[in-house]
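Just so it is clear, the values below take in all heavy atoms, side chains as well, and ignore hydrogens, waters and symmetry mates. Residue numbers begin at 1 in each chain, while the letters A, B, ... track the order of the sequences.
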There are 2 protein chains.
Amino acid sequence: MTEPLYLHISGRLRQSIISGEYRPEDMLPSENELAALYNTSRVTVRKSLDVLESEGLIKPWHGKGYFVLPPKYTTFTLLFGDNMNEGRFRFQEVNIIRPSKEISEKLQLKKHQMAIVTRRLLERGGKNLAYDEKFIPYERGVPSIEFEIHFAEFPDMFEERFAPMSLHTEMTIGVETAPEHVCAALRLNAPAPLMVVTRLIRAKDDQPIGYGKQYMTEDFGKLTAKSGYYIHDKL
Amino acid sequence: MTEPLYLHISGRLRQSIISGEYRPEDMLPSENELAALYNTSRVTVRKSLDVLESEGLIKPWHGKGYFVLPPKYTTFTLLFGDNMNEGRFRFQEVNIIRPSKEISEKLQLKKHQMAIVTRRLLERGGKNLAYDEKFIPYERGVPSIEFEIHFAEFPDMFEERFAPMSLHTEMTIGVETAPEHVCAALRLNAPAPLMVVTRLIRAKDDQPIGYGKQYMTEDFGKLTAKSGYYIHDKL
DNA sequence: AAGTGGTCTAGACCACTTC
DNA sequence: AAGTGGTCTAGACCACTTT
């Protein structure tokens with residue numbers, strides 16, 4: 001139950017930084033001073049400073065000392081997929097198609113290479129909230145398996161074929177005027193601007209292996225993001 | 001120039017995890033095994049494992065060993081403000097106003113408390129791309145200073161009065177039908193759905209100290225976000 | 001030369017898990 | 001009891017910065 005010393009020290013220092021006692025550009029006491037102050041070894045002090053460094057609060061400068069960093073307000077953590085799983089998906093289509101120019105470029109398909117598409121509609125409370133398209137390259141010799149994946153979410157569906165840790169995703173969020181088939185599925189009277197989230201899944205070698213677009217109506221809700229050191233689960 | 005041993009070890013292990021040699025749920029060799037393998041001390045091995053833990057790749061389990069974690073696909077890092085600074089802002093209004101219900105709730109204003117508003121228009125290449133509103137509580141006795149801050153960006157403007165590290169921001173991204181004054185400023189013919197980013201700045205005690213809304217047109221561009229271990233600057 | 005952080009060692013004792 | 005990770009010590013030597 002008793003708190004380890006190194007967490008006690010990092011906690012005290014974090015508090016001092018957040019409260020403004022140490023401000024950005026300020027220097028913390030040296031490792032030796034802290035070791036003397038808390039009557040402990042330099043190793044333990046270093047461990048507590050490592051904690052704060054990994055949280056992005058401080059940066060050591062060889063030969064000088066530990067500096068307090070200015071906060072980065074432009075970096076947000078976005079949690080995506082939370083409200084995606086509330087509601088019910090209805091499949092509209094699972095097919096092999098000749099890809100559009102956009103899809104072909106995003107997936108870097110070869111000429112005449114086909115793509116597999118799944119299209120789904122998200123319903124919640126009797127309302128059509130979102131429309132969802134996923135595209136993956138079609139390759140001969142990897143047959144029916146592809147048709148089973150359409151129940152899985154991005155990028156879970158790739159875990160069988162790729163090392164999971166090697167996948168990464170690029171996301172864009174914007175407004176687009178939805179194409180007709182999307183408007184029809186969502187039962188919109190006229191082409192309307194919708195929030196569109198695209199996701200491009202890449203494997204370790206940056207090879208694109210999946211591309212998805214989600215069209216979200218006003219009823220769908222909002223995406224949320226957070227920034228700030230203060231929200232760390234520690235403290 | 002020679003790479004420290006602990007980084008060498010963590011690099012090798014990271015490579016093994018990303019390549020799929022160790023998969024999620026797998027256990028890494030024990031600290032003692034690694035120490036023997038690399039002919040080094042347990043302390044150095046621990047330091048290399050700490051690196052991977054702070055990257056979210058592994059999790060130690062007391063008495064058992066180090067487990068490889070499954071990737072979290074729902075956590076994205078969003079860089080906001082990059083395309084906000086390209087272009088030119090034109091101030092439309094700086095004023096003390098009676099707040100709307102929305103503003104009053106977000107800022108948790110007292111009854112009859114006023115708010116300061118700044119409204120701006122973002123132009124780029126002759127096009128109106130975005131409209132920007134910021135609200136902060138008005139307090140008597142903190143007078144004209146407030147009017148000077150309107151050149152600063154959220155949340156920089158608060159750094160004088162609050163400990164910078166104590167601020168945090170909650171963001172929502174969604175589609176809203178823009179109110180009339182926004183449509184007028186953006187020269188839209190009819191009320192149109194726009195991408196709306198709201199930001200609520202809170203101080204350390206969770207007290208709201210600023211609220212901003214940005215309405216973005218289709219021309220503005222998209223927000224981008226990334227996920228995946230693979231994009232870490234290391235490796 | 002003196003102070004700072006960066007790396008590393010060879011131990012120690014504890015708490016948790018497995019057998 | 002044996003193996004695992006968790007914490008901590010008291011040194012050592014190096015590289016960088018300041019005086």
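- At a threshold of 4.0 Å, the pair A:Lys222-B:Glu176 counts as salt-bridged, since one of the basic side-chain nitrogens sits closer than that to a carboxylate oxygen.
- Residues from residues 26-42 of chain A with heavy atoms under 4.0 angstrom of DNA chain D, sorted by number: A:Thr40, A:Ser41, A:Arg42.
- Side-chain contact between A:Lys226 and B:His168 is absent, with no heavy atoms from C-beta onward closer than 4.5 Å.
- A:Thr77 meets the side chain to side chain contact (heavy atoms under 4.5 Å, CB included) test with B:Thr75; sequence neighbours excluded.
- Side-chain polar atoms of B:Glu133 and B:Tyr211 form no donor-acceptor pair below 3.5 angstrom.
- Running 5' to 3' along DNA chain C, contacts with non-hydrogen atoms of chain A at under 4.0 Å begin and end at C:dG3 to C:dT7.
- Contacts of A:Leu49 with the nucleic acid, taken as non-hydrogen atoms under 4.0 Å apart, are absent.
- DNA chain D contains the following stems of three or more consecutive Watson-Crick or G-U pairs, with both distances under 3.5 Å: C:1-18 with D:1-18.
- With the nearest nucleotide of DNA chain D identified for both B:Arg46 and A:Val43, B:Arg46 has the one nearer the 5' end.
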Using distance only, find each side-chain donor-acceptor pair of residues 31-39 of chain A under 3.5 Å and give its atom names and separation, not counting sequence neighbours.
unit_1  : atom_1 : unit_2  : atom_2 : d
A:Glu31 : OE1    : A:Arg42 : NE     : 2.6
A:Glu31 : OE1    : A:Arg42 : NH2    : 3.1
A:Glu31 : OE2    : A:Arg46 : NH1    : 2.7
A:Glu31 : OE2    : A:Tyr66 : OH     : 2.7
A:Glu33 : OE1    : A:Ser30 : N      : 2.9

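- Between the side chains of B:Thr172 and A:Thr224, no donor-acceptor pair is found at a separation under 3.5 Å.
- As a whole-Å value, the separation of A:Lys64 NZ from D:dT17 C1' is 7 Å.
- Figure legend: cation-pi geometry between A:Arg120 and A:Phe89, with NZ or CZ positioned under 6.0 Å from the six-membered ring centre and within 45° of its axis.
- Listed by chain and residue number, A:Trp61 satisfy the ring-ring contact (aromatic ring centres under 6.0 Å, His included) test with A:Phe67 (two or more places apart in sequence, or in another chain).
- Between B:Phe76 and A:Phe80, the angle of the ring planes goes over 60°, which puts this pair in the perpendicular group of the 30/60° scheme.
- Looking at B:Arg202 and B:Glu170, their side chains come closer than 4.5 Å, going by heavy atoms from C-beta outward.
- Between A:Gly63 and B:Gly65, the residue anchored nearer the 5' end of DNA chain D, judged by the nucleotide with its closest heavy atom, is B:Gly65.
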